[in-house]
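Fair warning: this is a prediction, and the values are worked out from it, not measured in the lab.
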Amino acid sequence: SNNDFEVTIVTLEDFNVAYDLDEKINLIKLRSLDYFPKWASILALPLLAFEFLFIKKKIGCDLSMSFLVRSNFVNILSNIFSTGNAIISERNNSLLQYRCRLSGGVMRLLIRSLYPKASKIICISKGFESVLTKNFNIPANKLVTIHNPQKSQCSLVKRFSFRDQGNFLNIGRLINQKNHESLIRI
């Protein structure tokens, strides 16, 4: 039952909530990104991380989870200065996504530097897991693969459990493709 958990969802950007959220779920938008143009959003990462850290400390966060690269960076950076578990999810092939230009090189460097500091990295396939170990030198013991469930496979989804109760914090956009609804039910 979700009665033993306090759930807070933190977003990096303005959002249109795609779900009817339970009134017990706290919803917070980080403001640091508001002061940077879109092209310079990478420069906002340290500020976003400290803003996220403040929220984590304020609510007594035990576990933070993120699902996209920028959110993963914020989650990991904030966890460097706090206790708790920072779980991230790799949902794209970062080797292909960030293969060219200066910005791609910066993103690859950040992945290589920051991802090993996560408590656990969830990959959606063994192929993505292989990319992280072979191309980004991420230790295999940090990686776990949980395939995206299909409707016929929903019974295969397992629950991560660090404790039977505590605070759970998620950072990301509230859009249908993120399927927060399933995460909250688990």
Side-chain angles (χ1 to χ4, degrees), residues 1-12 21-22 24-30 32-33 44-92 94 107 109-126 128-133 136-149 156-174 178-186:
S1 136
N2 291 338
N3 296 336
D4 299 326
F5 291 91
E6 180 179 318
V7 176
T8 300
I9 299 174
V10 177
T11 66
L12 298 178
L21 297 176
D22 187 291
K24 293 183 241 172
I25 295 174
N26 303 312
L27 189 57
I28 300 170
K29 179 200 177 281
L30 297 182
S32 297
L33 202 54
L45 288 177
L47 293 174
L48 291 164
F50 278 110
E51 192 176 354
F52 189 53
L53 174 63
F54 175 77
I55 292 167
K56 286 168 59 171
K57 288 186 175 197
K58 182 178 176 183
I59 67 172
C61 177
D62 302 308
L63 170 69
S64 56
M65 181 178 263
S66 52
F67 291 93
L68 289 175
V69 175
R70 254 187 334 156
S71 297
N72 290 344
F73 294 159
V74 170
N75 189 7
I76 295 165
L77 283 169
S78 73
N79 208 52
I80 290 172
F81 302 103
S82 67
T83 59
N85 293 288
I87 296 176
I88 65 171
S89 180
E90 182 64 16
R91 312 191 74 71
N92 296 307
S94 293
M107 295 299 278
L109 176 66
L110 287 170
I111 290 169
R112 194 172 282 113
S113 303
L114 294 176
Y115 275 30
K117 293 172 176 34
S119 303
K120 199 55 96 170
I121 302 170
I122 301 169
C123 300
I124 62 167
S125 75
K126 290 290 186 186
F128 286 4
E129 197 174 296
S130 176
V131 165
L132 290 177
T133 55
F136 293 97
N137 300 318
I138 309 297
N141 65 341
K142 293 270 186 171
L143 303 170
V144 62
T145 296
I146 300 178
H147 299 280
N148 283 336
L156 299 176
V157 178
K158 295 182 181 175
R159 174 181 168 181
F160 276 107
S161 179
F162 288 92
R163 294 192 212 136
D164 292 332
Q165 61 183 11
N167 293 321
F168 181 86
L169 182 66
N170 177 47
I171 182 168
R173 291 178 293 158
L174 290 178
K178 303 296 177 215
N179 201 6
H180 286 87
E181 187 176 8
S182 290
L183 179 65
I184 292 166
R185 280 196 312 262
I186 293 173

Pair Ile122-Phe128, side-chain contact (heavy atoms from CB on, under 4.5 Å): steps then yes or no: CA-CA 10 Å; Ile122 301 169; Phe128 286 4; over 6 Å; no
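Scanning both residues, Lys117 and Ile80, for their nearest heavy atoms gives CD-CD1, 3.8 Å. The shortest heavy-atom contact between Ile138 and Thr133 is O-CG2, 3.3 Å. Scanning both residues, Phe67 and Asn72, for their nearest heavy atoms gives N-OD1, 3.7 Å. Heavy atoms only, all atoms of each residue included: Asn79 and Gly84 are closest at ND2-O, 3.5 Å. Ala118 and Lys142 make their closest contact through O-NZ, 2.7 Å (heavy atoms, listed as atom of the first residue, atom of the second, distance). Scanning all heavy atoms of the two residues, the minimum distance from Val10 to Phe52 falls at CG2-CE1, 3.9 Å.
From Ile88, atom CD1 reaches atom CG of Leu114 across 8.5 Å, with rounding to the nearest 0.5 Å. Rounded to the nearest 0.5 Å, atoms CZ (Arg91) and CD1 (Ile124) are 5.5 Å apart. Expressed to the nearest 0.5 Å, how far CD1 of Ile76 lies from OG of Ser71 amounts to 11.0 Å. Remark: Lys57 NZ to Phe50 CZ distance equals 9.5 Å, nearest 0.5 Å. Within the model, atoms OG of Ser89 and NZ of Lys120 stand 13.5 Å from one another, a figure rounded to the nearest 0.5 Å. Separating the CG atom in Leu53 from the CG atom in Leu77 is a distance of 10.5 Å, to the nearest 0.5 Å.
Screening residues 66-75 for salt bridge (charged side-chain N to carboxylate O under 4.0 Å, His left out) gives Glu13-Arg70 as the qualifying pairs, with residues at least two apart or on separate chains.
Looking at Ser113, its side chain never comes within 3.5 Å of a backbone N or O of Leu110 through a donor-acceptor pair. Side-chain atoms of Ser78 do not come within 3.5 Å of backbone N or O of Ala49 as any donor-acceptor pair.
The shortest distance between side-chain heavy atoms of Glu90 and Val131 does not fall below 4.5 Å. Contact of the Val74 side chain with the Ser66 side chain is not registered, since no non-hydrogen atoms from C-beta on lie closer than 4.5 Å.
Partners of Lys126 by salt bridge (Lys or Arg N to Asp or Glu O under 4.0 Å), not counting sequence neighbours, listed by chain and number: Glu129.
Considering Thr145, Leu143, Val144 in turn, Leu143 is the only one that fulfils the side-chain contact (heavy atoms from CB on, under 4.5 Å) rule with Ile121.
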